[in-house]
Amino acid sequence: MNILQALRGRFDAVLSTMVDETAPLLEMIRPASDTKFGDYQANCAMPLKKKLGRESREIAAEIVEKIDLSDMCEPLEIAGPGFINIKLKDAWIEAQLAAAVTDERIGVPLVAEPKKYILDFSSPNVAKPMHVGHIRSTVIGDSLANTLRFLGHEVITDNHLGDWGTQFGMIIYGFKHFRDNDAYAESPVAELSRLYREVRKIIDFVDGQKALPARKAKLSEMSAELEERKAAPSTGDKGADKKAAKELQKLERQANEASKELTKDQAKLAELAADPEFAKLAAEHADISSAVLNETAKLHAGDEENLALWHEFLPKCREDIQRIYERLNVKFDHELGESFYHDQLAPVVDSFIEQGFAKESEGALCVFLEGFKAPMIIRKKDGAFLYATTDLATIQYRMNEWRPDAILYVVDFRQGDHFEKLFAAAKKWGYTDVELKHVSFGTVMGEDGKPYKTRSGDTVGLEGLLDEAVSRAEKIVRSNDKDGLLSDEQYKDVAQDVGIGGLKYGDLSQNRETDYVFSYDTMLALRGNTATYMQYAYARSQSIFRNGEIDIAALRSSGAKICITSPAERALATKVLRLPEALQEMVADYRPNQLTIYLFEELAKAYSTFFEQCPVLKAETAEQKQSRLLLCDLTARVIQQGLALLGISTVDKM
RNA sequence: GCGGAUGUAGCUCAAUUGGAUAGAGCAUCGGUCUUCGAAACCGAGGGUUGGGGGUUCGAAUCCCUCCAUCCGCACCA
């Protein structure tokens, strides 16, 4: 049972006799901010003061007078300006616990009105190796899918793979010019990946060199302006002078930075140029950028050779990505990539033209949207389509095929503008009765506060990240096992769960909207809000059952009851029963960290206290022992279920 | 320049979306192992929630204004 929902229902019955709109007031019933106020609190009397023109304490008294909660709660108390404090009856809590013990869903009800969700997440480019930037989308999307499903919604997950873009033009170009046949036969994906990097390297070099003169000119322009400003006489106005000085400082900083960047890039280019082999290669492929675009265009136009290569490469690339998903234990219902929508793009554009939503501007076909300065371009002047076009086609397909109530896009916050336009365009196009939501997230930063990169400045590969997390986890697990609990092989398995779990939890416990600093040490820490800590709490419970030789499944069905005999037990019991609320909170704004907050801050903390204060196997009576065993079991099950929804496994020993 | 975000303890982050005394972890200091896993627990110090003004019973949260940082801004995704 969702206790908060139940309480709100009772309050609704009373409040609806006093005001018309009760929903916002019911929102103000929540878990108590401090246990000394009870278990829950209702803050709805204060805002009614103006509306009803009476003192808020008096209003609170009226609510308390009229409400019927005698079965669930102790008599309500009014505090301060009109807070209504709610304390559950121990007997009622015990009845809820008894129900949860024998319930597979540990008391989490299914939603009354299931909705159909499409979840669009992960969406890597299949032609390049997955990198650190894909963690968040993948992990957040997966946890939301799990949770929505568990609550009873219908969820369709769709990995919108980038399998049709310029990256394939690059691979095709590389394959045609630089391939090593033996290496390709040996390990095709590794060779394709090498080709991608090789082409990328040449493009960066060629483009970088081309851009140098302009950058130098810009820099000297900046220096000139700097000199000019420095020489500028005082205006006599103190405020204006101060402002000028500040602008000068800013300009100076910018110039310094630009100069530093330029020197750095120049050094890099010089280093490459110094390699005679590479220099020769670069000279031979001086027009590589346009050549790559040309290969891409040919692919899109149905060129036989390129299409054949694409068909050859694609399954191999997908297999490679699949390996990572297997390690992460993430599955998709569909993986309809960009290529899937290829032949739907022209009709989409035609539809926009026909309905008068799109018009040409500077050669490009644009959708002008109210409230946006720049239009959304759906066809380039060279006739090619863009990702905006694909995204529109995707919405159309999903609506026709699945008729969802909502489509969630778990994508980087930097694409916020794009999605706002996309959603506005979709609405204009007629898709008004679907919730389109950009579930955005911040950047993964390095310890230097800049986007996470390797020392040499490359993006960090996801696979290496997983390896590192697992190997560190193994070290930690080994060094902490003084009693030799585990065999060598078991260490390896546990390290997988702890390492991958730590990585996922580290991400999910962060508020998704802000950037966060990536640190192995923090996410694999034994203390604090980490997967390791939660997994440990679970393992500890299993250890008790082992030591006491308890058949916990039998005990669950034996009819034994949980009895509250101490404050620590009561505190833990009320937290255990809050799982449905925590899931509700998580899903309300698609924030997995709401669940981690509950698991750690509330449940695990209460469990620790209980563990310290209440002997289980050495309890005073047989009844108490059974009761506490069941409470441990219930807590462990909530932890296990909560972690499972986050995509994290538990282990019996660690 | 325009638009969007962010700014909370020394550090990394929370804060149930306007609620009671702003919380955790790390770090620092002090206490707890012959007793179910000390990988743990208990306690202490540490804050003008970037500055200033406003809205109200009540503000980290909403409004205004400065300051700082980050991101996006017409044919990449």
Side-chain angles (χ1 to χ4, degrees), chain A residues 4 27-28 30-34 36-37 41 43 46-47 49-50 55-56 79-83 85 123 125 162 165-167 246 338 361-366 372-382 384-388 390-391 411-418 420 440 442-443 447 449-450 476-477 479-483 485 509-511 513-517 519 521-522 525-530 532-533 535-537 539-548 581-582 584-585 588-589 593-594 596-598 600-601 605 608-609 611-619 628 632 653-654:
Chain A
L4 200 48
E27 288 286 306
M28 294 175 191
R30 48 187 56 162
S33 57
D34 191 311
K36 74 183 174 201
F37 301 133
Q41 64 184 54
N43 303 337
M46 285 85 80
K49 185 180 168 182
K50 266 208 182 125
E55 281 309 309
S56 47
F83 293 103
N85 290 332
S123 311
N125 238 300
T166 321
Q167 302 75 24
K246 205 167 240 173
E338 290 169 340
S361 166
E362 295 174 34
L365 195 69
C366 300
F372 296 93
K373 231 174 150 186
M376 185 171 78
I377 298 177
I378 56 175
R379 194 180 63 203
K380 298 201 281 183
K381 63 182 165 201
D382 67 4
F385 304 113
L386 295 103
Y387 78 137
T390 313
D391 281 351
V411 180
D412 193 331
F413 78 101
R414 282 173 296 194
Q415 293 193 38
D417 272 358
H418 164 67
E420 274 186 46
S440 73
T443 311
E447 310 225 15
K450 290 179 184 161
I476 291 170
V477 173
S479 70
N480 281 296
D481 180 10
K482 293 151 200 132
D483 308 325
L485 282 171
S509 59
Q510 230 63 36
N511 183 333
E513 293 206 298
T514 53
D515 298 342
Y516 81 97
V517 175
S519 155
D521 291 336
T522 309
L526 306 164
R527 299 151 189 249
N529 191 7
T530 61
T532 322
Y533 180 96
Q535 287 166 323
Y536 175 69
R540 227 173 160 189
S541 316
Q542 304 313 306
S543 161
I544 291 180
F545 304 148
R546 270 196 310 274
N547 287 338
E581 296 167 24
Q584 193 53 50
E585 271 164 27
D589 202 22
N593 72 317
Q594 295 291 353
T596 65
I597 288 169
Y598 161 75
F600 175 70
E601 207 89 21
K605 284 277 170 67
S608 288
T609 310
F611 215 77
E612 287 297 311
Q613 296 181 6
C614 305
V616 178
L617 295 176
K618 291 169 187 164
R628 287 179 176 173
C632 282
K653 289 185 197 172
M654 59 188 284

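All chains are named by letter (A, B, ...) in the order of the sequence lines, taking the proteins before the strands, and each is independently numbered beginning at 1.
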Across nucleotides 6-13 of chain B, 5' to 3', mark each nucleotide with B, S or - according to how protein heavy atoms within less than 4.0 Å reach it. ------SS

Report yes if the ring of A/Y536 lies under 5.5 Å from the six-membered base ring of B/A40 with planes under 30°, and no otherwise. no

Using the C1' atom on both, measure B/G52 against B/A59 and round to a whole Å. 15 Å

Quick one: list whatever passes side-chain hydrogen bond (donor to acceptor under 3.5 Å, both in side chains) with A/S541, sequence neighbours left out. A/Y607

Measuring only the P atom in each nucleotide, how far is B/G50 from B/U12? A whole number of Å is fine. 15 Å

Measure the shortest side-chain to side-chain distance between A/F372 and A/D417 over non-hydrogen atoms and say whether it is less than 4.5 angstrom. no

Taking O4'-C1'-N9-C4 for purines and O4'-C1'-N1-C2 for pyrimidines, is B/U17 syn (within 90° of 0) or anti? syn

Nearest whole angstrom, please: distance from the P of B/A20 to the CG of A/N85. 12 Å

Donor-acceptor pair present, A/K36 side chain and B/U21 base, under 3.5 Å: yes

Phosphate OP1/OP2 of B/A38 contacted by A/R540 side-chain N/O (<4.0 Å): yes

B/C71: syn or anti, per glycosidic angle within 90° of 0: anti

Hey, does A/E362 reach any base, or is it just sugar-phosphate, or nothing, if we go heavy atoms under 4.0 Å? base

Stepwise, does the side-chain contact (heavy atoms from CB on, under 4.5 Å) test hold for A/K653 with A/S543? CA-CA 7 Å; A/K653 289 185 197 172; A/S543 161; over 6 Å; no

According to a strict under-4.0 Å criterion, is A/Y533 in side-chain N/O contact with OP1 or OP2 of B/A24? no

What's the gap between B/C63 and B/A27 when it is taken at their P atoms, as a whole Å value? 39 Å

Base, sugar-phosphate, or nothing for A/C614, non-hydrogen atoms under 4.0 angstrom? base

Select from A/A374 and A/E420 the residue whose nearest nucleotide in RNA chain B is closer to the 5' end of that strand. A/E420

Considering just the side-chain nitrogens and oxygens of A/R414, establish if one lies under 4.0 Å of OP1 or OP2 belonging to B/G4. no

Between A/T530 and A/Y536: side-chain donor-acceptor atoms closer than 3.5 Å: no

Between the base of B/A15 and the side chain of A/N593, is there a donor and acceptor pair under 3.5 angstrom? no

For RNA chain B, just give me the dot-bracket, please: Watson-Crick or G-U, both distances below 3.5 Å, ( ) intra-strand, [ ] crossing earlier pairs, | paired with another strand, . unpaired. (((((((..((((.....[...)))).(((((.......))))).....(((((..]....))))))))))))....

Distance (rounded to the nearest 0.5 Å) between A/Y516 OH and A/N593 CG: 12.5 Å

What's A/A79 touching, base or sugar-phosphate or nothing? Going by heavy atoms closer than 4.0 Å. base

When the ring planes of A/Y387 and A/H418 are compared, do they come out parallel, tilted or perpendicular, using 30° and 60° as the limits? parallel

Would you please indicate if the ring centroids of A/F37 and A/F83 are separated by under 6.0 Å? no

Specify the residue among A/T532 and A/K605 whose closest nucleotide of RNA chain B lies further upstream toward the 5′ end. A/K605

Say you draw a straight line from CZ of A/R414 to OG1 of A/T443; how long is it, rounded to the nearest 0.5 Å? 4.5 Å

Does A/F83 stack onto the base of B/A20, taking stacking as ring centres under 5.5 Å apart and planes under 30° apart? yes

Could you pull out the closest heavy-atom pair between A/V616 and A/I544, with the gap in Å? CG1-CG2, 4.2 Å

